[in-house]
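A, B, ... follow the sequence lines: proteins, then strands. Residue 1 opens every chain.
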Amino acid sequence: MRVDLLHPWPESVAEAEAVQELLRPRVELTGPDRFATVAGLDVHYHGDDDLSAAVVVLDAATLSVVEQVVVHGKAAFPYVPGLFAFRELPALVEALERLTVTPDLLVCDGYGLAHPRGFGLACHVGVLTGLPALGVGKTPFVGAHEPPPPERGAWSPIELDGVVVGRALRTRDGVKPVYVSQGHRISLETATGQVLALTPRYRLPEPIRRADHLARHRDPAARAATTRSRATR
DNA sequence: GCGACAG
DNA sequence: ATCTTGTCGC
């Protein structure tokens, strides 16, 4: 698939924030509620700057892998809270461009609307691709919420300045919730339903788990070398 | 063995 | 965020 960056790459914090403000109005909060294929996106860091970005496309009904891509690159921006997306976006975009299929929904590791400027990674990736996108965070990052009841499927709203920007969602009985927010072209209700449907077994949705594993174990030779040197030590 | 969790 | 070690449990 083809992806346009839509803006020059920011050289400063101020420019990056301006890009977010510029693109935020393009976010759409409604969209389809059925998806045949779903892609998980994740990035794994090796040291300070080197990273691997993985995209794994699953059949939404069976959760079997349709296609997967991993690319290696460098972080494209310093780490600044709220500007996290700029570190990973170029590598993720390159991985998406190498796909031969176009997924119907992007499941991002991180936040979407639940973000200080309402434009987290899931919104950014969604706007660049034009595809429905949602974000799943592993830790509470912004906003306030009550802990949801302990049963799988239970949720509580995440509020920022009195506005609901996401949900703390229990995907397994008695296990820490995940934090779901809209990225692009999806309702919060649909995003919640999709996360549950994509999480039959573990805490995190299957597409994200697959992408995490792919990014983490990108190079079996390098991993074997690391294991050997640790054993020698 | 893999995943959650401690901290 | 990551790494490392151990325990519990499916």
Backbone of A/Gly82 reached by a side-chain donor or acceptor of A/His115 within 3.5 Å = yes

[X] has an atom [atom1]; how far is it from atom [atom2] of [N], in whole Å?
X        : N     : atom1 : atom2 : answer
A/Asp212 : C/dT2 : CG    : P     : 8 Å
A/Glu88  : C/dT2 : CD    : C1'   : 14 Å
A/Asp109 : C/dA1 : CG    : P     : 8 Å
A/Asp42  : C/dT2 : CG    : C1'   : 13 Å
A/Lys138 : C/dT2 : NZ    : C1'   : 12 Å

Would you call A/Asp104-A/Arg34 a salt bridge at under 4.0 Å N-O?
-> no

Convert the base pairs of DNA chain C into dot-bracket notation, remembering that pairs crossing earlier ones are written with [ ] and that bases paired across to another strand are shown as |; include only Watson-Crick or G-U pairs under 3.5 Å.
-> .....|||||

Between CG on residue A/Asp49 and CZ on residue A/Arg87, distance to nearest 0.5 Å | 6.5 Å

For the atom pair OH (A/Tyr45) and CG (A/Asp50), what is the distance rounded to the nearest 0.5 Å?
-> 11.0 Å

Side chains of A/Thr171 and A/Arg203: donor-acceptor distance under 3.5 Å anywhere?
-> no

Could you tell me whether the side chains of A/Thr199 and A/Glu206 share a donor-acceptor contact shorter than 3.5 Å?
-> no

Where protein sits on nucleotides 1-7 of chain B, one letter per nucleotide: B base, S sugar-phosphate only, - none, heavy atoms under 4.0 Å = --SSS--

Could you walk me through whether A/His7 and A/His124 pass ring pair (Phe, Tyr, Trp, His ring centres under 6.0 Å), step by step?
-> CA-CA 11 Å; A/His7 53 79; A/His124 209 142; 5.4 Å; yes

Any A/Leu63 side-chain heavy atom under 4.5 Å of A/Arg210 side chain = no

